[in-house]
Asker: 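I have a structure here, written as structure tokens, and I will follow up with some questions on it.
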Amino acid sequence: MVTITLPDGSTKEYDNEVTPAQVAKDIGPGLAKAAMAAEVDGQIVGLDYLIPDGNEAALKLFTKKDPEALGVMRHSAAHVMARAIMKLFPGVQLAFGPTIDGGVYYDFDLDHKLSDEDFEMIEAEMKKIIKADEPFERIEANREEALNIVSDLGQEYKVEHIRDGLTEHSQLSFYRQGEFIDLCRGPHIPSAGAIGAYKLLSVAGAYWKGDSDNRQLQRVYATAFFDKAGLDEHLTKIDEAKRRDHRTLGRQLGLYHIDEMSGQGLILWTPKGSVIRKKLQEFIETRLERQGYHQVFTPHIGKLDLYKTSGHFPYYQESQYPALINRDYMQKLADEDCSFSDLSDAMAEGEIEGYLLKPMNCPHHVKIYDSQQRSYRDLPIRLFEFGTVYRWEQSGEIGGLTRVRGFTQDDAHLFCTEDQLADELKGCLELVKLVFASVGMEDYSVRIGLRDKDSDKYVGDPQDWDKAEDACRQAATTLGKPFIEEEGEAAFYGPKIDFVVNDCLGRKWQLGTVQVDYNLPIRFDLSYIGADNQPHRPVMIHRAPFGSMERFIGVLIEHFAGAFPLWLAPEQARVVVVSQKFEEYGRQVEAQLREAGMRVSGDYRAEKIGAKIRDAQLELIPYMLIVGGREMENGEVSIRDRIDGDLGAMSVAGAIAKFEDEINNRVVRKTFSGSAGLVSRDAQNEY
RNA sequence: GCUGCUGUAGCUCAGUGGUAGAGCACUUCCUUGGUAAGGAAGAGGUCACGGGUUCAAGUCCCGUCAGCAGCUCCA
């Protein structure tokens, strides 16, 4: 006896075990045909799933309209793709093929290098398979049977996976579709015919089991939808995201430049991009001063001794630019006939003398703290700096503004007592919140990075770590935002609270960060004199609300799709003259705005006004000031808003007041909605 | 760092072994206009760089550098 409860509360009873397919059929032939997958007691299953006898079960049936069915179908599409590739390239070894956000991928090991040119052929083969509409058939097997099946198929990765990965499973399952059999948990749609529209998107290398010591496989990314409209919409979205990409917009709007000759991952800020960076810096500077921070400046390089003491040089040499060796030390090595390999060894041992491009600002700030005796009455001491650091990121990882080799942190180091730690952490988090709010960026996530207790890469006392991890948790709860805790994500010197956002392509980037450090004060033997007249060890906090100015601005460009709010816009207004007759008046207006502190330019070209407006609009300039005979007579300007269009005429003073108000309040308006095609209409990203 | 793809004018791109192209941008001239593209002419290229194959290379091969996608890494 099986009692099935449907979502509307109605029940059906069966004498024996029953499948969702049977229940669908009993409800109606239409549903039986439309059903793609089901959910039994919260678990997504195929329509052939056997609901065992003697049970009560809550059953939901999913049709093409349900997102749950889409995921199941995409996984089926992955099987079809694998089947097609196997048919075209015999001998291919299958690895993993899961569904991911927006589609699926499947990892293959085959000698033929797949490329975009193969996609059409593969898609054509998939078309045949889908047209044949063969069912997906589930096959259950115990471990021994399963191993026999995969060995018979010659699928070595599957053999390894059953042996080493699925050790907990006594019973395994396969799905068969025609001649294609794959080890698979399922579920699948009933038959391939329901895969309506699909497309192979890209191919890239991926290591077996994500380990760079393992063989590299070919990962084919694809997506599938039940109908063509869904696929088209998805592809349009990908297209829009590309146009929103900060690398594209950065070039179009002339915000920054990276030159092959000056170096990979080293940003050259143009005047326009520099405005954005400067305005963000000014904004946070005034906040920091109000919060009792003190600005400092430190050099771009420091002696190796500094980084030997801090631990950076011995621990993280591969991620640093090589050391700058002292001239006389170099001579001494030469005199000793030191070979390159000797030098390399000496370097690895940290036994050389010289300087390092600074990978972090903290050691310098520590030395400022330590430059005089500190009393508990002085604490907390908060030192901030827009400090530029250099890190040797792997070449394949570098791109745009989000992953670079030289970047400027809005860095600060707080030195406080144990008792002050919790409050100081809260203050840091407030600042991060403020930064995100100031640009209307609300869809960030909070992650607490804890240590991986099994790893030995961390320095410091486990008890201190426990204390610090607790302090982070407590501070994070004051944010009033959900946060996740991730083991193994801590810095080597302490736990941290990271603020993570997605870019327009869905990639995650860490921006703001707040990190507790018990380690550096010990390494540098920092102290303060307590009320008991005894020396005590201060606790350090590293924090950077923006994280890196480069990365933050990269994400910000995408957030605004290049249409910056007035307070950040590189060019805030452009005077557009109706004809060149009014150039003199136009220049007067321009001068008045500039006098009022605005970033303004004038367009006096011998072009028609429509063309000048179009150009300004495409440059995403917030306001155009149209001046012609009418305006000149009345000493006015006509304001054209980037978003709302013609706002009519007003006095120059009135216009300035309007702009100043918008700037001073750092108004973030709903995005520009013109036809420049620069804006994604994704509702989640409206601002 | 690894795998694959790509590199032609300022930008976006066409050009599959036989005299380097288009659109936009730029310069000049004409046009002087009322809220998203007026017209004409001109200038602009060591086809990323270095080797090789060939009578002949932008085109084929190898290497380097850089970009893109993903993987790995990210104090």
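Remember, predicted model here, so these are calculated numbers, not experimental data.
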Asker: Base, sugar-phosphate or nothing for A:S579? Non-hydrogen atoms, less than 4.0 Å.
Answerer: base
Asker: Quantified in whole Å, what is the C1' atom distance between nucleotide B:rC11 and nucleotide B:rG44?
Answerer: 14 Å
Asker: Any N or O donor-acceptor pair linking the side chain of A:Y207 to the base of B:rG70 at under 3.5 Å?
Answerer: no
Asker: A:Q264 side chain N/O closer than 4.0 Å to the phosphate oxygens (OP1, OP2) of B:rG67?
Answerer: yes
Asker: For B:rA9, give the paired nucleotide (Watson-Crick: N1-N3 plus N6-O4 or O6-N4; G-U: N1-O2 and O6-N3; both under 3.5 Å), or none.
Answerer: none
Asker: Does A:K303, at its NZ atom, have more than 12 non-hydrogen atoms belonging to other residues, nucleotides or ligands within less than 6.0 Å?
Answerer: no
Asker: Does OP1 or OP2 of B:rA36 have a side-chain N or O of A:R642 closer than 4.0 Å?
Answerer: no
Asker: With both distances under 3.5 Å as the test, what is the Watson-Crick or G-U wobble partner of B:rU59?
Answerer: none
Asker: For atom CZ of A:R605, decide whether the heavy atoms of other residues, nucleotides or ligands shown that lie under 6.0 angstrom number more than 12.
Answerer: yes
Asker: Roughly, in whole Å, what's the span from CE in A:M624 to P in B:rA36?
Answerer: 9 Å
Asker: The side chain of A:A606 is closest to which nucleotide in this list: B:rA75, B:rA69, B:rU31?
Answerer: B:rU31
Asker: Would you mind reading off the distance between A:F108 atom CZ and B:rG70 atom C1', rounded to a whole angstrom?
Answerer: 15 Å
Asker: What nucleotide among B:rU32, B:rG70, B:rA75 has an atom nearest to a side-chain atom of A:Q580?
Answerer: B:rU32
Asker: Provide, to the nearest angstrom, the distance between the CD atom belonging to A:Q320 and the P atom belonging to B:rA75.
Answerer: 12 Å
Asker: To the nearest Å, how far apart are A:R574 CZ and B:rU35 P?
Answerer: 19 Å
Asker: Round to a whole Å and report the spacing from CD of A:E607 to C1' of B:rA37.
Answerer: 8 Å
Asker: Describe the nucleic acid contact of A:Y316 in one word from base, sugar-phosphate, nothing, applying a heavy-atom distance below 4.0 Å.
Answerer: base
Asker: Could you give the distance separating B:rC29 and B:rG67 at their P atoms, to the nearest angstrom?
Answerer: 41 Å
Asker: Roughly how far apart, to the nearest Å, are B:rC47 and B:rA9 at atom P?
Answerer: 10 Å
Asker: Given B:rC71, B:rG33, B:rA75, identify the nucleotide with an atom nearest to the side chain of A:H312.
Answerer: B:rA75
Asker: With respect to the side chain of A:R403, which nucleotide from B:rC73, B:rU35, B:rA75 is positioned closest?
Answerer: B:rC73
Asker: Roughly how far apart, to the nearest Å, are B:rC49 and B:rC65 at atom C1'?
Answerer: 7 Å
Asker: Write out a two-atom table: protein N or O, nucleotide N or O from nucleotides 3-8 of chain B, distance below 3.5 Å.
Answerer:
{"unit_1": "B:rU3", "atom_1": "O4'", "unit_2": "A:Q216", "atom_2": "OE1", "d": "2.2"}
{"unit_1": "B:rU3", "atom_1": "O2", "unit_2": "A:G205", "atom_2": "N", "d": "3.2"}

Asker: Consider only side-chain N and O atoms of A:D517 and A:H413, and report whether a donor and an acceptor are under 3.5 Å apart.
Answerer: no
Asker: What's the CG-P distance between A:D603 and B:rA37, to the nearest Å?
Answerer: 14 Å
Asker: In this structure, are over 12 heavy atoms from other groups packed under 6.0 Å from A:D259 atom CG?
Answerer: yes
Asker: Among the candidates B:rG33, B:rA75, B:rU35, find the nucleotide nearest to the side-chain atoms of A:Q515.
Answerer: B:rA75
Asker: Could you check A:L401 against A:F552 for side-chain contact (heavy atoms from CB on, under 4.5 Å), going step by step and ending with a plain yes or no?
Answerer: CA-CA 8 Å; A:L401 292 174; A:F552 189 87; over 6 Å; no
Asker: Would you kindly give the NZ-to-P distance between A:K242 and B:rU12, to the nearest whole Å?
Answerer: 14 Å
Asker: For A:G610, report the nucleic acid contact type (base, sugar-phosphate, nothing); a contact means any heavy atom under 4.0 Å.
Answerer: sugar-phosphate
Asker: Counting side-chain heavy atoms from C-beta on, which of B:rG33, B:rU35, B:rA75 comes nearest to A:V578?
Answerer: B:rG33
Asker: Look at all strands and tell whether A:R507 reaches a base, only sugar-phosphate, or nothing, counting heavy atoms closer than 4.0 Å.
Answerer: sugar-phosphate
Asker: Provide the distance between the two C1' atoms, one in B:rG58 and one in B:rG21, to the nearest whole Å.
Answerer: 12 Å
Asker: Can you confirm whether the side chains of A:Q320 and A:H312 place a donor and an acceptor under 3.5 Å from each other?
Answerer: no
Asker: List the steps, then state whether side-chain contact (heavy atoms from CB on, under 4.5 Å) holds for A:C428 with A:H542.
Answerer: CA-CA 9 Å; A:C428 293; A:H542 311 243; over 6 Å; no
Asker: Is there a side-chain polar atom (N or O) of A:K581 under 4.0 Å from OP1 or OP2 of B:rG33?
Answerer: yes
Asker: A:Y221 side chain: which of B:rA75, B:rC71, B:rG1 is closest?
Answerer: B:rC71
Asker: B:rC5 and B:rA22: how far apart are their P atoms, nearest whole angstrom?
Answerer: 31 Å
Asker: Are side-chain N/O atoms of A:T298 and A:K367 paired as donor and acceptor at under 3.5 Å?
Answerer: no
Asker: Report yes if at least one side-chain N or O of A:R251 is closer than 4.0 Å to OP1 or OP2 of B:rU12; otherwise report no.
Answerer: yes
Asker: Under 4.0 Å, heavy atoms only, any strand: does A:L625 hit a base, just the sugar-phosphate, or nothing?
Answerer: nothing
Asker: Can you confirm whether A:E486 is buried at CD, in the sense that more than 12 heavy atoms of other residues, nucleotides or ligands lie under 6.0 Å from that atom?
Answerer: yes
Asker: Given B:rG34, B:rA75, B:rA69, identify the nucleotide with an atom nearest to the side chain of A:R630.
Answerer: B:rG34
Asker: In whole angstrom, give the distance that lies between atom CG of A:D107 and atom P of B:rC71.
Answerer: 10 Å
Asker: Looking only at atom P, what distance separates B:rG4 and B:rU64, rounded to whole Å?
Answerer: 13 Å
Asker: When you look at OH of A:Y315, are more than 12 heavy atoms from neighbouring residues, nucleotides or ligands closer to it than 6.0 Å?
Answerer: no
Asker: Given A:I267 and A:I258, is the side-chain contact (heavy atoms from CB on, under 4.5 Å) satisfied, shown in steps?
Answerer: CA-CA 5 Å; A:I267 307 301; A:I258 301 168; 3.7 Å; yes
Asker: Go nucleotide by nucleotide along RNA chain B from the 5' end; which of A:R391 and A:G399 gets its closest nucleotide reached first?
Answerer: A:G399
Asker: Can you name the nearest heavy-atom pair linking A:E607 to A:K612, along with the distance?
Answerer: O-CE, 3.1 Å
Asker: Under 4.0 Å, heavy atoms only, any strand: does A:S638 hit a base, just the sugar-phosphate, or nothing?
Answerer: base
Asker: Return the nucleotide paired to B:rU32: Watson-Crick means purine N1 to pyrimidine N3 with N6-O4 or O6-N4, wobble means G-U with N1-O2 and O6-N3, both under 3.5 Å.
Answerer: none
Asker: What nucleic acid atoms does A:G629 come within less than 4.0 Å of, heavy atoms only: base, sugar-phosphate, or nothing?
Answerer: base
Asker: Under a 3.5 Å limit for both distances, which nucleotide forms a Watson-Crick or G-U wobble pair with B:rA48, could you say?
Answerer: B:rU64
Asker: A:R219 side chain: which of B:rU12, B:rA37, B:rC71 is closest?
Answerer: B:rC71
Asker: Looking only at atom P, what distance separates B:rC60 and B:rG42, rounded to whole Å?
Answerer: 34 Å
Asker: Which part of the nucleic acid, if any, lies within reach of A:I609 when heavy atoms closer than 4.0 Å are counted: base, sugar-phosphate only, or nothing?
Answerer: sugar-phosphate
Asker: Looking at A:R247, does any N or O in its side chain come under 4.0 Å of the phosphate oxygens OP1/OP2 on B:rA69?
Answerer: yes
Asker: Looking at every strand, decide which applies to A:L505 at a 4.0 Å heavy-atom threshold: base, sugar-phosphate, or nothing.
Answerer: sugar-phosphate
Asker: Looking only at N and O atoms, is any donor in the side chain of A:E631 or the base of B:rG34 less than 3.5 Å from an acceptor on the other one?
Answerer: yes
